Amino acid sequence: MHVRISFCPDVRDEDSNPKQTNLFKANLTPCSCTRSFPYSWLGSSETHTQLSKCFFRRASHATRESHAVSRHIKNGKPDEAREVRDMFQFPDVRSFTKMIVGCVQTGRLDDALRLFYQMPVRNAICWNTVIKGCLDCGDLMTVEELFDEMPKPSVVSWTTMIDGFFRFGHVERAERFFKQMPIRDLAAWNAMLHAYCKNARVDDAEKFFEQMPSRNVISWTSMIGGLDQNGKSEEALIVFERMFKSGVLPNPSTLTCAFSASANALSFPLGLQILGHVFKSGFCLSVFVCASLITFYAHLYRNVVLCTALLTGYGSNGRHEDGPKVFSDMMRTSVLPNQSSFVSTLNSCCSLESLDQGKVVHASAIKLQLGSDVFVGNSLVVMYNKCGAVDDAVVVFKRLREKNIITWNATICGCAQHGRGMWAMELFSQMIRGLVQPDEITLTGLLSSCSHSGMLQKGRCLFRYFSENTLIELKQEHYACMVDVLGRCGKLEEAEDFIRNMPLKTNSIVWLALLSSCKTHSNLDLAERAANYILDLEPHCSAAYVLLSNLYASANRWGDVLRLRVTMRDKGIMKQPGRSWVTIKGQKHLFHSGDKFHPLSENIYWKLDWLKMKLKELGYVPDKRLSLHDVEDEQKEDSLFYHSERLAVAFALIATVEGSTITVMKNLRICGDYHSAIKLIAKIVDREIIVRDSSRFHQLRGGICSCGDYW
DNA sequence: CTAGGGTTAG
């Protein structure tokens with residue numbers, strides 16, 4: 001199909017740079033494919049769509065129509081290609097040029113060139129665009145051909161060529177081009193100047209700089225940056241001062257270079273002067289300026305405050321792996337960490353779940369006599385708890401002379417997570433004796449201790465005590481914890497009554513606690529009721545679907561399982577895939593069910609087979625009921641056997657010293673069958689295995705688990 | 001907002 005192109009060479013808008021108007025007019029060059037050409041100039045419709053996207057990325061503001069089409073593309077409308085094609089029935093030089101830029105920016109030089117050659121008419125701008133494009137894609141050959149073909153290269157074309165030659169290291173050719181240019185504007189001079197600097201020809205750059213007929217802020221910035229980058233930072237600073245005297249004001253780029261130069265020249269006073277300019281000019285928001293300012297301080301003013309700021313900054317930006325690095329750097333260079341540095345570093349270790357690194361930091365704290373500081377101590381307690389070392393957390397707690405409510409809460413919550421219910425109760429009575437006022441977090445920790453340790457009476461007493469005798473306002477979480485206490489002990493009816501009688505408006509957390517207990521005690525009727533409440537309040541609660549579906553599965557009601565799965569799929573609710581991980585020497589090793597991507601995969605599966613054999617010898621029979629998949633028995637057993645946590649345990653066994661404790665983390669709740677298996681595994685390999693699942697820690701040793709099979 | 005010249009450190 002052919003369309004008629006109504007082509008109107010639009011030269012009016014090209015007057016923005018009046019100097020060049022004539023050149024543009026002279027360069028309008030009708031080409032052979034003149035006024036009619038097939039749709040195929042854009043290739044397949046797929047290419048077409050991609051091109052259009054490039055186009056709109058650059059020019060979504062071009063017209064009202066383009067906005068509309070752009071919206072359609074964003075919304076993934078199926079007929080986007082057609083609409084865009086309609087848009088382009090009458091493309092002009094600008095549209096073509098924009099599309100060429102789009103192609104080049106996404107690295108598709110072929111498409112860019114095809115568009116260029118299929119243009120009905122070309123002006124200087126599109127010639128220059130395509131030349132620049134070839135350069136950006138590294139095709140110098142084509143660049144030279146294009147330049148020779150171009151009817152009348154503009155000063156921009158010449159400058160682009162010069163920049164290109166320099167990029168390929170052809171300094172002499174660039175110099176020749178510069179001399180041959182019919183007109184040389186300031187940008188051309190600047191291009192040469194910058195290129196000399198980039199090619200380590202800083203002496204030539206300096207000579208060239210002195211010869212320049214005029215200089216603007218770009219010239220000065222190039223010179224300052226060039227000197228600094230070539231090891232002449234002192235000279236750079238002199239040039240910076242000269243720039244001021246000549247009345248040229250710095251902009252963010254200049255300041256960035258100047259900061260860098262002051263840092264490299266170790267010139268503190270000058271850096272501060274520049275800082276003054278930054279504040280005066282309001283450029284402090286530029287990321288480049290900020291980055292170079294940080295470098296400046298880091299070079300000259302390396303102290304504990306700065307390093308701690310860095311530690312905190314890494315932590316709050318999720319770059320936890322950098323925390324311990326900065327910390328050890330500080331220790332090595334005798335920038336002694338203070339209380340805040342320790343808190344930040346330990347928080348990072350905590351997020352990394354890296355017990356090894358946490359212990360190193362703890363040792364440093366003791367060395368610097370900060371081991372009994374209350375803030376450092378709190379961070380240590382939290383870190384040890386999170387990394388699965390509750391005993392160490394308690395040791396730290398005991399050694400702290402000064403304790404605050406956070407210390408108590410962190411320790412109690414740690415005990416809860418590790419199923420040390422009695423310890424939590426002991427801590428609470430110490431608190432009361434010591435006249436420490438418990439808060440709402442304390443109560444959460446205590447109730448959760450009761451539920452994880454099966455302490456029904458204690459839980460009831462605590463709840464009553466707190467609702468009658470304290471000023472703490474009971475919240476949903478507390479009610480949910482109490483439901484958990486009752487539910488886990490099998491008091492499901494009592495739990496339901498408790499929910500119905502609670503004075504607050506019930507939310508889904510409370511019902512979810514009950515539903516979870518229904519799963520433990522296989523009470524399908526109540527589970528369905530609870531699930532209905534949850535899904536009324538929160539129709540997209542994936543936890544409710546998964547729990548209910550697991551309940552149906554263990555009751556062999558596969559029809560209901562399927563029905564739930566279909567509903568989930570229709571509502572777009574995703575079940576979180578199970579994953580487990582092991583952190584060794586700060587390195588996190590992640591496993592998904594049955595995956596074979598780990599470098600040690602072969603050894604891991606070998607170890608699994610070995611474990612399987614040993615388990616059989618001990619008379620272990622996999623509990624198929626607990627598998628969630630509707631598959632044949634043998635397969636069921638297999639998929640159970642390759643659950644992510646098994647891979648993680650097998651890996652940890654291979655990757656650590658024999659006899660040492662291994663710690664495995666999992667995002668979901670541990671499955672019952674795995675739990676029985678791992679108790680035996682701990683016995684077989686004679687090691688302590690700690691598993692953290694989504695609700696608590698399990699400490700497995702010699703065939704038994706700290707949870708007492710109750711979780 | 002159709003094209004060329006400058007910007008941290010790693």
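Just so we're on the same page: letters track the sequence lines, and every chain starts at 1. From a predicted model like this one, the values you see are computed outputs, not experimental measurements.
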Could you state the atom-to-atom distance from [atom1] of [X] to [atom2] of [N] in whole Å?
X	N	atom1	atom2	result
A/N264	B/dA9	CG	C1'	10 Å
A/H299	B/dG10	NE2	C1'	12 Å
A/Q105	B/dC1	CD	P	13 Å
A/N230	B/dA9	CG	C1'	16 Å
A/M161	B/dG5	CE	C1'	16 Å
A/D136	B/dA3	CG	P	12 Å
A/L293	B/dA9	CG	C1'	14 Å
A/L310	B/dT8	CG	P	20 Å

- Task: Please work out which residues in residues 268-275 of chain A have a non-hydrogen atom less than 4.0 Å from an atom of DNA chain B and list them by number.
- Result: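 Nucleic-acid contacts, sorted: none.
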- Heavy atom of residues 219-228 of chain A under 4.0 Å from DNA chain B: which residues?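 Of all residues in residues 219-228 of chain A, the ones placing a heavy atom under 4.0 Å from DNA chain B are A/T221, A/S222.
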- Item | Test: A/R173 and A/E144 ion pair at under 4.0 Å |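 Answer for the salt bridge query: yes.
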- Query: Are the charged groups of A/D136 and A/K132 less than 4.0 angstrom apart, N to O?
  - Reply: yes
- Item | Mutual orientation of the aromatic rings belonging to A/H589 and A/F651 [parallel < 30°, tilted 30-60°, perpendicular > 60°] |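 Correct class here is tilted.
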- Task: Would you please classify the geometry between the A/F208 ring and the A/W189 ring as parallel, tilted or perpendicular, with 30° and 60° separating the classes?
- Result: tilted
Within the 6.0 Å centroid threshold, strictly below: [X] and [Y]:
X	Y	value
A/Y196	A/F166	yes
A/F597	A/F591	no
A/F147	A/W158	yes

We want to know whether [X] and [Y] form a side-chain donor-acceptor pair, criterion being a heavy-atom distance below 3.5 angstrom.
X	Y	result
A/S348	A/T345	no
A/S292	A/S260	no
A/T160	A/D163	no

Just compare [options] and give me whichever is closest to any side-chain atom of [X].
X	options	answer
A/T159	B/dG4, B/dT8, B/dG6	B/dG4
A/S253	B/dT7, B/dG4, B/dT2	B/dT7
A/I125	B/dG5, B/dG6, B/dA3	B/dA3
A/T129	B/dT8, B/dG5, B/dA3	B/dA3
A/I218	B/dG4, B/dG5, B/dT2	B/dG5
A/N216	B/dT8, B/dA3, B/dG5	B/dG5
A/K98	B/dG6, B/dC1, B/dG4	B/dC1

Taking 4.0 Å as the cut-off, does a side-chain nitrogen or oxygen of [X] come that near to OP1 or OP2 on [N]?
X	N	value
A/K132	B/dG4	yes
A/Q229	B/dT8	yes
A/H194	B/dG6	yes

- Is there a donor on the side chain of A/D185 or the base of B/dG5 sitting less than 3.5 Å from an acceptor on the other? no
- Query: Has the side chain of A/N190 got a donor or acceptor that lies under 3.5 Å from a partner of the other kind on the base of B/dG4?
  - Reply: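 Per atom types, no contact qualifies.
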- With rounding to whole Å, what would you report as the distance between B/dG5 and B/dC1 at their P atoms? 14 Å
- Message: Counting only heavy atoms from other residues, nucleotides and ligands, does the tally under 6.0 Å from CZ of A/F268 exceed 12?
- Response: yes
